[in-house]
Amino acid sequence: MLISNQAHLTYCTNIHPGETWEAVFNSLKEYTVNIKERLTPNKPFGIGLRLSQKSASVLLQDNNLVDFKTWLDSENLYVFTINGFPYGDFHNTVIKDQVHTPDWTTKARLDYTKDLMRILAYLLPEGQEGSVSTSPISYKYWFKSETELKNVKQKACNALMQIVLQLVEIHKSTGKLLHLDLEPEPDGFLENTQEVIDFYNDFLFTEGVLLITDTLRCNVNEAKTKILNHIQVCYDVCHFALAYEAPEFVISALQNEGIKIGKIQISAAIKCKKSNVVSVNDQQSCLQQFDEPSYLHQSIVRLKDGKLLHFSDLSEGLVAMNNDDFEEIRTHFHVPIFVSDFKVLESTQDDIIDALKLWKKQKYSNHLEVETYTWSVLPDYLQTDIGSSIVRELEWVKQQLSN
């Protein structure tokens with residue numbers, strides 16, 4: 001939905017299970033249409049579409065894309081952003097680190113992303129910019145040596161430049177500006193602000209610029225501008241909160257480098273601070289409810305001296321809470337953004353509030369997307385009707401923006 005000049009708010013449809021195009025389309029008809037009627041009955045409503053590789057390829061066959069656009073118009077719906085991070089199955093399966101498969105060293109990831117751009121270029125209304133969020137290159141723990149890590153970044157840089165070339169051509173032929181938004185997260189190749197900045201400076205602005213200047217016969221400054229326009233950052237508030245990085249720091253640091261935030265994913269993680277009232281045992285017992293087997297729940301423990309200990313999943317983080325110097329744990333489990341505490345636990349909701357306060361002062365992104373995809377694996381006491389929960393989350397965001 002339009003929330004100010006050129007700025008749009010929606011939710012990500014990765015909330016709804018479905019890997020085939022038929023399942024995705026059915027969920028839009030069942031849930032999204034109803035949510036739109038409750039929030040914007042007389043105005044257009046934008047969709048944050050999630051398409052697996054399987055559903056994207058089917059959508060590009062026959063007249064499916066034309067038929068989908070016709071349906072969108074008839075329902076007063078539009079697509080302005082796509083979640084292109086999970087390539088394959090995302091629900092009702094154990095996914096863990098395989099959410100990064102295939103990574104940006106592979107032709108499969110490149111081809112999938114190109115398909116998403118083709119879809120978005122067709123569906124995007126005139127006069128709007130479009131975004132596709134994607135993985136943070138790859139998963140760190142798959143690689144051991146510095147040489148391997150560098151090779152992955154070089155391959156990813158080359159692949160990302162192929163996307164830049166595609167998007168330059170789309171902009172030239174249609175007038176539509178599309179960007180791919182790298183989404184940092186714990187244990188990804190890009191996991192915090194400095195790693196993002198380093199990737200731009202060490203790869204995109206060096207090898208990437210050379211590839212663009214050679215291909216398009218443009219100068220260095222023009223190539224750099226094209227990269228900055230078409231490779232942006234997906235600021236998932238939950239992910240940067242897990243890095244213990246405040247919104248003001250993240251936003252200002254990226255802006256100082258000229259790096260744009262293409263999309264804000266509004267999500268909250270779980271956090272738990274050492275307490276004089278509640279025992280660590282009780283805190284661990286409460287956290288244990290969120291140690292489910294489907295998704296990665298990377299956990300970062302902060303010690304009294306400020307040192308951060310990184311763990312690939314919550315089970316390891318729970319053990320680390322026994323450290324005498326334990327101060328706080330944050331874990332990657334998206335929880336409803338309108339709830340600030342869960343019994344003896346808290347959420348990183350305050351980071352969302354701060355990020356939205358900053359957005360009101362300077363609209364640092366035109367795309368805002370709520371992304372709580374964990375409804376089906378939440379503890380029983382947090383289970384509720386999905387449609388009503390999505391409406392409540394979006395209304396909560398609107399309330400924060402109007403305060």
Quiz prompt | Phe85/His100 under ring pair (Phe, Tyr, Trp, His ring centres under 6.0 Å): CA gap, chis, key distance, verdict | solution = CA-CA 8 Å; Phe85 190 153; His100 294 275; 5.5 Å; yes

Exercise. Would you check if there is a donor-acceptor pair between the side chains of Ser315 and Asp291 at a distance under 3.5 Å?
Key: no

Quiz item: Is the count of non-hydrogen atoms from other residues, nucleotides or ligands lying under 6.0 Å from Glu146 atom CD greater than 12?
Solution: no

N/O donor to acceptor pairs below 3.5 angstrom from side-chain atoms of residues 149-157, sequence neighbours left out:
{"residue": "Asn151", "atom": "ND2", "partner": "Thr147", "partner atom": "O", "Å": "3.4"}
{"residue": "Gln154", "atom": "NE2", "partner": "Glu207", "partner atom": "OE2", "Å": "3.3"}

Exercise. Name all residues meeting the side chain to side chain contact (heavy atoms under 4.5 Å, CB included) criterion together with Thr40; count only those two or more places apart in sequence or in a different chain, and write none if there are none.
Key: Met1, Lys36, Lys43, Phe45

Practice problem: For the pair Glu292 (side chain) and Gln289 (backbone), establish whether a donor and an acceptor sit closer than 3.5 Å, ignoring hydrogens and angles. | Solution: no

Quiz item: Is the shortest side-chain N to carboxylate O distance from Lys271 to Asp350 below 4.0 Å?
Solution: yes

Exercise. Kindly indicate, with the supporting measurements, whether the criterion side-chain hydrogen bond (donor to acceptor under 3.5 Å, both in side chains) is fulfilled by Glu129 and Gln6.
Key: CA-CA 9 Å; Glu129 64 175 287; Gln6 295 300 314; over 6 Å; no

Practice problem: Please confirm whether Tyr295 and His332 have ring centers closer than 6.0 angstrom. | Solution: no

Quiz item: Any side-chain heavy atom of Phe311 within less than 4.5 Å of one from Gln298?
Solution: no

Quiz item: More than 12 foreign heavy atoms under 6.0 Å from CD of Glu257: is that the case here?
Solution: yes

Quiz item: Does atom CD of Glu248 have more than 12 heavy-atom neighbours, drawn from other residues, nucleotides or ligands, at distances under 6.0 Å?
Solution: no

Exercise. May I ask you to check whether Thr101 and Gln98 show a side-chain donor-acceptor distance below 3.5 Å?
Key: yes

Quiz prompt | Contact check, side chains of Leu123 and Leu65, non-hydrogen atoms, under 4.5 Å | solution = yes

Quiz item: Is it true that Arg302 and Glu328 have a side-chain N and a carboxylate O under 4.0 angstrom from each other?
Solution: yes

Quiz item: Under the side-chain hydrogen bond (donor to acceptor under 3.5 Å, both in side chains) criterion, do Thr81 and Lys263 qualify, and how do the steps go?
Solution: CA-CA 8 Å; Thr81 187; Lys263 173 159 68 173; 2.9 Å; yes

Practice problem: Could you label the plane-to-plane angle of the Tyr141 and Tyr139 rings as parallel, tilted or perpendicular, counting under 30° as parallel and over 60° as perpendicular? | Solution: perpendicular

Self-check item: Lys/Arg N to Asp/Glu carboxylate O, Glu327 vs Lys307, below 4.0 Å
Solution: no

Exercise. Ignoring hydrogens and angles, state whether a donor on the side chain of Asp115 or Gln53 is under 3.5 Å from an acceptor on the partner side chain.
Key: no

Quiz item: Stepwise, does the salt bridge (Lys or Arg N to Asp or Glu O under 4.0 Å) test hold for Lys140 with Glu195?
Solution: CA-CA 12 Å; Lys140 281 179 180 174; Glu195 289 183 352; 2.8 Å; yes

Practice problem: Answer yes or no: is there a donor N or O on one side and an acceptor on the other, between the side chain of Glu169 and the main chain of Gln166, under 3.5 Å? | Solution: no

Self-check item: Stacked cation flag Lys363 on Trp359, 6.0 angstrom / 45 deg
Solution: yes

Practice problem: Apply side-chain hydrogen bond (donor to acceptor under 3.5 Å, both in side chains) to Gln128 and Asn366, showing your working. | Solution: CA-CA 9 Å; Gln128 291 190 30; Asn366 284 330; over 6 Å; no

Quiz item: So with a 6.0 Å cut-off around NZ of Lys29, is the heavy-atom count from everything else above 12?
Solution: yes

Exercise. Verify whether the ring centers belonging to Phe240 and Phe249 lie closer than 6.0 Å.
Key: no

Exercise. Hey, could you give me the OG1/CD distance between Thr372 and Gln265, rounded to the nearest 0.5 Å?
Key: 10.0 Å

Exercise. Tell me yes or no: between the side chains of Glu245 and Thr193, is some donor less than 3.5 Å from an acceptor?
Key: yes

Exercise. Using the side-chain contact (heavy atoms from CB on, under 4.5 Å) rule, pick out the option among Leu204, Val164, Thr225, Val220 that qualifies with Ile212.
Key: Val164

Practice problem: Check whether any side-chain N or O of Thr13 sits under 3.5 Å from a backbone N or O of Gly48 as a donor-acceptor pair, and report yes or no. | Solution: yes

Self-check item: Residue pair Asp181 / Thr134, side-chain heavy-atom distance below 4.5 Å
Solution: no

Practice problem: Scan side-chain atoms only and decide if Gln349 and Ser347 contain a donor-acceptor pair under the 3.5 Å cut-off. | Solution: no

Exercise. Would you check if there is a donor-acceptor pair between the side chains of Glu369 and His8 at a distance under 3.5 Å?
Key: no

Exercise. Verify the ring-centre separation between His16 and Tyr11: is it less than 6.0 angstrom?
Key: yes

Quiz item: Would the Phe80 and His367 ring centres measure less than 6.0 Å apart?
Solution: yes

Practice problem: State whether a side-chain donor-acceptor pair under 3.5 Å links Asp103 with Trp142. | Solution: no

Quiz item: Taking the inter-plane angle between the rings of Trp21 and Phe25 on a 0 to 90° scale, is it parallel (under 30°), tilted (30 to 60°) or perpendicular (over 60°)?
Solution: parallel

Quiz item: With a 4.5 Å limit on heavy-atom distance, are the side chains of Trp104 and Ser135 in contact?
Solution: yes

Quiz item: Has the side chain of Tyr364 got a donor or acceptor atom that lies under 3.5 Å from a matching backbone atom of Ser252?
Solution: no

Practice problem: Please determine if Arg330 forms a cation-pi arrangement with Tyr244, meaning its NZ or CZ atom is less than 6.0 Å from the six-membered ring centre and no more than 45° off the ring axis. | Solution: yes

Self-check item: Side-chain heavy atoms of Leu160 within contact of Leu182, under 4.5 Å
Solution: yes

Self-check item: His334 ring center near His239 ring center (under 6.0 Å)
Solution: yes

Exercise. Let me see the working for Asn323 and Leu303 under side-chain contact (heavy atoms from CB on, under 4.5 Å), right down to the final yes or no.
Key: CA-CA 8 Å; Asn323 190 312; Leu303 303 180; 4.1 Å; yes

Practice problem: Using the side-chain hydrogen bond (donor to acceptor under 3.5 Å, both in side chains) rule, take Glu30 and Asn26 through it: C-alpha gap first, then chi angles, then the decisive distance, then the call. | Solution: CA-CA 6 Å; Glu30 180 180 357; Asn26 285 338; over 6 Å; no

